[in-house]
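These numbers come from the heavy atoms of this one structure, side chains and all, not from hydrogens, waters or symmetry mates. For this chain, numbers begin at 1 and follow the sequence in order. Counting starts at 1 for both ligands and their atoms, following the listed order.
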Amino acid sequence: MLNKLIANTLPYMPKKLIWIFSKRYIAGETIEDGLKACRELNQQGIEVTVDLLGEFISTIEQAEENKNKYIEIIERFTSEGIIGNFSLKPTMFGLLIDTNICFANIEEVIKKAVEKNSFIRIDMEDSQCVDSELDIYRKFQQKYPAHVGLVIQAYLRRTKNDLINLSEIHVNGTPLNFRLCKGIYVEPKHIAFKTYEEVCEHYLDDLNFMLDNHMYIGIATHDKFLVDSALNIIKEKNIDKTKYEFQMLYGVTPELRTSIVKQGYKMRVYVPFGKDWFGYSTRRLKENPKIASHIIKALFFRG
Ligand SMILES: Cc1cc2nc3c(=O)[nH]c(=O)nc-3n(C[C@H](O)[C@H](O)[C@H](O)COP(=O)(O)OP(=O)(O)OC[C@H]3O[C@@H](n4cnc5c(N)ncnc54)[C@H](O)[C@@H]3O)c2cc1C
């Protein structure tokens, strides 16, 4: 209840106050801020995936603008030698306005990534976007297999079936590349599993399926139980370290992150930055009020 109340009133609080809560989770507003955060992580032996924060868009011009910003970001971050790749949300490229234009925008961004020998991860958004985001992945995986990956949400009831279907598109030597996460959006019960136990059970089931089907996996979680379970599965199956990595969000559970890095596993941190951090923070908090309590905690416990 309290989380919900806090989350709902956040958009009306002064921006400066929200920044105190948000700065632990967002690298800043500018490309320079993003570069600084990425360099610091790289120096700790951690790779990054860079995300430009965006508000919901309502015009094709805004989609075009976002495409150009991403192209500039890829140019800058690769030329500065940042070790990492890029994540994008298709709705920022016009997915809910015009699918064809969205596909064309994303292809231009992927082409830039190909030119710079980099990689684009298609983030998975709420359930109304899942079919189109699977289509985007299917289309571009065939054309640019080593340069594009998708996010899989373990909480969706449909996911195992999607994975089985996706496993059939594997036609060449490059493994399919997925980030496996729980899923962050509030979905109805007929679409998503709701309890912690159910979500974890399906997360591990999906992980097993992906490992058995030679997919590359970004194990994206801050949940100690899932990290430990994933490591047990990896050891039991004797999976080579080149076949997976761990992924976490910027500023979240740094102790767990360090302990994974110290054990010699590859870690990638999702680094969001951009002028739209305010809308992003408050919307995310409304979507998942549980996170409000983490943000409140972050005010008191630093580092
Ligand atoms: C790299 C990455 C990319 C992602 N991409 C997507 C995506 O494309 N689509 C999508 O739907 N979801 C995405 N997510 C979000 C994901 O679906 C989960 O909602 C999120 O990771 C929380 O789940 P968890 O597995 O960490 O477990 P939880 O049970 O939520 O968290 C485990 C523990 O981590 C800590 N923790 C979690 N969140 C926070 C926080 N904000 N602040 C402080 N501590 C925290 C707490 O100690 C908590 O007990 C992504 C997550 C990561 C790590």
Side-chain angles (χ1 to χ4, degrees), residues 3 6-7 21-27 41 46-51 53-54 84-92 95 120-130 133-134 136-137 149-156 158-159 177-187 191-204 206-207 217-230 244-257 259-260 266-272 280-281 283-285 287-303:
N3 281 340
I6 293 167
F21 297 121
S22 302
K23 67 180 177 192
R24 182 174 159 178
Y25 304 102
I26 291 157
L41 287 160
I46 296 170
E47 297 199 16
V48 295
T49 186
V50 177
D51 171 66
L53 297 173
N85 58 38
F86 304 89
S87 290
L88 62 77
K89 292 182 179 58
T91 53
M92 277 177 69
L95 187 72
I120 300 293
R121 172 82 56 197
I122 311 290
D123 281 353
M124 191 63 92
E125 299 176 86
D126 61 290
S127 57
Q128 67 169 325
C129 301
V130 173
E133 290 173 353
L134 284 166
I136 294 172
Y137 177 66
L150 183 70
V151 176
I152 298 292
Q153 296 161 323
Y155 70 173
L156 291 183
R158 59 179 288 172
T159 288
N177 189 320
F178 297 121
R179 171 195 299 150
L180 178 60
C181 67
K182 284 183 183 171
I184 196 139
Y185 302 92
V186 178
E187 300 287 359
I191 289 184
F193 300 109
K194 292 304 225 183
T195 67
Y196 174 79
E197 289 74 19
E198 276 177 318
V199 175
C200 287
E201 185 192 327
H202 286 89
Y203 190 105
L204 296 174
D206 295 341
L207 178 69
I217 311 161
I219 304 165
T221 181
H222 319 93
D223 185 332
K224 176 102 172 51
F225 166 74
L226 284 184
V227 169
D228 290 343
S229 305
Y244 62 90
E245 64 187 43
F246 286 88
Q247 297 189 357
M248 291 190 176
L249 299 173
Y250 185 71
V252 179
T253 57
E255 301 82 10
L256 181 59
R257 184 179 83 196
S259 84
I260 294 171
K266 181 167 167 178
M267 171 65 69
R268 185 181 307 279
V269 166
Y270 186 102
V271 180
Y280 172 87
S281 301
R283 199 172 55 245
R284 272 285 155 102
L285 288 164
E287 274 162 6
N288 192 348
K290 263 198 299 184
I291 293 176
S293 63
H294 295 309
I295 293 195
I296 302 300
K297 267 191 239 158
L299 182 65
F300 300 103
F301 301 100
R302 303 235 171 261

Applying a strict 4.0 Å limit to heavy atoms, is V252 in contact with ligand 1?
-> yes
Y25 to ligand 1, any heavy atom closer than 4.0 Å = yes
Contacting atoms of ligand 1, where contact means under 4.0 angstrom from a heavy atom of [X]:
X    : answer
D123 : 8 (O)
Y270 : 1 (C), 3 (C)
V151 : 7 (C), 8 (O)
G183 : 11 (O), 16 (C), 17 (O), 19 (O)

Side chains of V130 and R158: closer than 4.5 Å at any heavy-atom pair?
-> yes
Hey, are the side chains of N85 and R268 touching, using non-hydrogen atoms and a 4.5 Å cut-off?
-> yes
Keeping the roles fixed (side chain from Y155, backbone from V186), state whether a donor-acceptor pair exists under 3.5 Å.
-> no
Does any N or O in the side chain of E133 come within less than 3.5 Å of the main-chain N or O of E125, such that one atom is a donor and the other an acceptor?
-> yes
Is [X] close to ligand 1, meaning an N/O of one under 3.5 Å from an N/O of the other?
X    : result
I184 : yes
M248 : no
Y185 : no
T221 : yes
Q153 : yes

Atom CD of E245 and atom CG of N177: how far apart are they, to the nearest 0.5 Å?
-> 7.0 Å
Flag for D223-Y196: side-chain donor and acceptor within less than 3.5 Å = yes
Only one of D123, I217, L150, I219 clears side chain to side chain contact (heavy atoms under 4.5 Å, CB included) with R179; which?
-> D123
Given [options], which one has a non-hydrogen atom that is nearest to [atom]?
atom                    : options                : answer
atom 9 (N) of ligand 1  : R24, E125, M124        : M124
atom 22 (C) of ligand 1 : R179, E255, K224, H222 : H222
atom 30 (O) of ligand 1 : K182, E133, R121, Q247 : K182
atom 12 (N) of ligand 1 : C200, A154, C181, P254 : C181

Show the numbers, then the answer: is there a ring pair (Phe, Tyr, Trp, His ring centres under 6.0 Å) between Y203 and F193?
-> CA-CA 11 Å; Y203 190 105; F193 300 109; over 10 Å; no
Structural part of T253 in contact with ligand 1, heavy atom criterion under 4.0 angstrom = side chain
Which residues satisfy the side chain to side chain donor-acceptor pair (under 3.5 Å) test with E201, sequence neighbours excluded?
-> none
Neighbour count above 12 (heavy atom, 6.0 Å) for K194 NZ = yes
